[in-house]
Amino acid sequence: MTVEIIPCSETMAAEIRGVDLAQPIDDATAEILLQAWYEHVLLLFRDQHMNNQQLKNSAAWLGERSQIAMPVDRRGDDDIEIQKVSNILDDAGKPVGALGDGEMWFHHDNSFTEAPDKATWLYVVELPSSGGNTMFGNCYEAYDALPPDLKKEVEGRKVLQVYDFTVREKPAREDLENIPHCWQPAVVQHPVTGRHALYLDRLMTAAIDGCSAAESDELLAQLFPYIERVDYEHEWRLGDYVIWDNRCSVHARRNFPADERRLLKRGKVEGDRLLAANAAAA
Ligand SMILES: [Fe+2]
């Protein structure tokens, strides 16, 4: 079957037709998917039907599957490669998944780890009657859109990426000892495309180096709006599978009715340490 690549917007995302991810992907198709993924940052596959084992192999064309970082006691499931993103409670009133309800601010997945996962995929199992769209922002575009003075301010800096799994709000700058955190380049160079991408977000970026706490807050406040762009908003349908590049995109979730069930399955592909844009260019 011929593979079709249909862009979803001017700046990001493409729908792939003619690929059944439940089946092994041949080398020629894998090459087409890789090229499309690097070009469009996010790929959408509709009408997919996969069991957990097929899901675990669904991104083999891209790399090795990664393990779920969230502690087992906070996500209601002990599968180390598939995480349930859900608001559903079991018969005993215990959540079957995690991160299940409400809206979620723009963020890069796993930016608080030394070698963040390069890709995340989501696969829909159950949906509410409305809401819960996922918005995606292209961080190459975010970087390119910075005015020259802000670009100069941010180049060569590092940002402190922090995530406390118990909260969904801006993390505290202090008392990081028991909270996953990592300093990352504020601007990364993509290892394949070579393009520069802004790598900070309101959910996880607590500080920028080389300035006082007040200056850091002020600079980040100026930078966040550039990241929070909706290049593509995905309205989920049953059978949808979406896979995106975490090094050059952010995502956020819109709210949905709290009393309706929503279940997605999520997995990731291993990544390497990030390259700082300035160091890579030197
Ligand atoms: Fe996420």
Legend entry - Within the 6.0 Å centroid threshold, strictly below: Tyr199 and His108: yes

Inset, instruction - Go through the side-chain N and O atoms of Tyr140 and Thr193 and say whether any donor and acceptor fall under 3.5 Å apart. - result: yes

Inset, instruction - Establish, from distance only, whether the side-chain atoms of Asp109 and Thr120 form a donor-acceptor pair under 3.5 Å. - result: yes

Less than 4.5 Å apart, any side-chain heavy atom of [X] and any of [Y]?
X	Y	result
Pro95	Ser86	no
Val85	Arg253	yes
Cys248	Arg195	no
Val41	Ser249	yes
Glu218	Cys211	no
Phe106	Arg202	no
Met12	Glu141	no
Phe45	Ile243	yes

Ignoring hydrogens and geometry, is there a side-chain-to-backbone donor-acceptor pair from [X] to [Y] under 3.5 Å?
X	Y	result
Gln189	Gly194	yes
Asp209	Lys158	yes
Asp90	Val96	no

Inset, instruction - Verify side chain to side chain contact (heavy atoms under 4.5 Å, CB included) between Tyr143 and Lys151, making sure each step is shown before the conclusion. - result: CA-CA 8 Å; Tyr143 174 76; Lys151 220 177 234 181; 3.7 Å; yes

From [X] atom [atom1] to [Y] atom [atom2], the distance as rounded to the nearest 0.5 Å:
X	Y	atom1	atom2	answer
Glu15	His40	CD	NE2	12.0 Å
Leu219	Arg157	CG	CZ	6.0 Å
Gln54	Asp20	CD	CG	8.0 Å
Glu228	Trp105	CD	CH2	8.5 Å
Cys8	Glu233	SG	CD	12.5 Å
Ile5	Ile32	CD1	CD1	6.5 Å

If hydrophobic clusters are built by linking Ile, Leu, Val, Met, Phe, Trp and Tyr wherever their side-chain heavy atoms come under 4.5 Å apart, do [X] and [Y] end up in the same one?
X	Y	result
Val250	Val187	yes
Leu198	Leu274	no
Ile6	Leu44	no
Tyr38	Val19	yes
Ile208	Val188	no

Would the number of heavy atoms belonging to other residues, nucleotides or ligands and lying under 6.0 Å from [atom1] of [X] be above 12?
X	atom1	answer
Glu64	CD	no
Gln53	CD	yes
Arg46	CZ	yes
Asn52	CG	yes
Asp26	CG	yes

Inset, instruction - Can you spot which of Arg65, Lys265, Lys84, Lys56 makes a salt bridge (Lys or Arg N to Asp or Glu O under 4.0 Å) with Asp79? - result: Lys56

Looking at every non-hydrogen atom in both residues, tell me the closest pair between [X] and [Y] and how far apart they are.
X	Y	result
Pro128	Gly131	CG-O, 4.3 Å
Phe112	Gln161	CB-O, 3.5 Å
Gly132	Phe256	N-CB, 3.5 Å
Ala145	Tyr226	O-CE2, 3.5 Å
Arg247	Lys118	CZ-CB, 3.6 Å
Phe136	Val242	CZ-CG1, 4.1 Å

Legend entry - Phe224/Thr205 under side chain to side chain contact (heavy atoms under 4.5 Å, CB included): CA gap, chis, key distance, verdict: CA-CA 10 Å; Phe224 289 146; Thr205 307; 4.2 Å; yes

Inset, instruction - Quick one: do Leu55 and Leu21 satisfy side chain to side chain contact (heavy atoms under 4.5 Å, CB included)? Show the steps, please. - result: CA-CA 8 Å; Leu55 274 173; Leu21 291 174; over 6 Å; no

Inset, instruction - List the steps and the verdict of side chain to side chain donor-acceptor pair (under 3.5 Å) for Asn138 and Thr11. - result: CA-CA 7 Å; Asn138 180 331; Thr11 48; 5.4 Å; no

Using the six-membered ring wherever Trp is involved, compare the ring planes of [X] and [Y] and label them parallel, tilted or perpendicular (cut-offs 30° and 60°).
X	Y	answer
Tyr232	His234	tilted
Trp37	Trp61	perpendicular
His251	Trp244	tilted

Inset, instruction - Give the intermediate values and the outcome of side chain to side chain contact (heavy atoms under 4.5 Å, CB included) for residues His107 and Tyr163. - result: CA-CA 10 Å; His107 62 280; Tyr163 190 45; over 6 Å; no

